[in-house]
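Some notes on the structure that comes next.
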Amino acid sequence: MKEKPVVTYCTGGIRCEILSVVMKNRGFKEVYQIDGGIVKYGENFAEDGLWEGALYTFDSRMAIDFSTKTKVIGECEICQGPSKIFRNCRTKTCHELILLCDSCNDLPASTKCTHDPSKVRDSEMVG
Ligand SMILES: [Zn+2]
Ligand SMILES: [Zn+2]
């Protein structure tokens, strides 16, 4: 693997910048990254690029579409219908996000938390 070219990417290009340095230090010969991350890639190529679907964001927008033709590739966790919107689990002490369509979000069933309460949020994995 260390002899093969590797392309790293992340949302805004910051995390893969760090990862690329770590990989080079650990002996990877050819490490590339998408300059500006998927956000810039999507802005530059829109529907002509290789990216499919909306981009999950870590802010209140929750998802970005790069064109008006963006395909919805996410599936609602209840009905498996198309959805791209993650919503906070309604149990306040739970920090899980769930992918729900608008109709299922309105169902009382969507209020039941089925997540492991011992699972703590890893702040390193956010942002
Ligand atoms: Zn649904
Ligand atoms: Zn939950």
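Predicted model, so just to flag it, every value in this text is computed and none were measured. Note that ligands are numbered from 1 as they come in the structure, with each ligand's atoms numbered from 1 the same way.
Around OH of Tyr56, the count of heavy atoms belonging to other residues, nucleotides or ligands within 6.0 Å exceeds 12.
Nearby protein atoms of type N, O or S around the Zn ion (ligand 1) amount to 4 (distance under 2.8 Å). The count of protein N, O or S atoms under 2.8 Å from the Zn ion (ligand 2) stands at 4, with waters excluded from the count.
Taking the side chain to side chain donor-acceptor pair (under 3.5 Å) definition, one finds that Asn44 meets it with nothing, sequence neighbours left out. The side chain to side chain donor-acceptor pair (under 3.5 Å) check on Lys71 picks up Glu52, with sequence neighbours excluded.
A single hydrophobic cluster is not seen to contain both Val31 and Ile38; linkage of ILVMFWY side chains at heavy-atom distances under 4.5 Å, directly or through other members, places them apart. Both Met1 and Leu19 are part of a single hydrophobic cluster, where members link through side-chain heavy atoms under 4.5 Å apart.
Side-chain atoms of Thr57 come within 3.5 Å of backbone atoms of Met62 as a donor-acceptor pair (strictly under, hydrogens ignored). Side-chain N or O atoms of Glu47 include none that pairs as donor or acceptor with a backbone N or O of Lys69 at under 3.5 Å.
Ring geometry for Phe45 against Tyr41 counts as tilted: the plane angle lies between 30° and 60°, on a 0 to 90° scale.
A distance of 4.0 Å separates OG1 of Thr70 from CG of Asp65, quoted to the nearest 0.5 Å.
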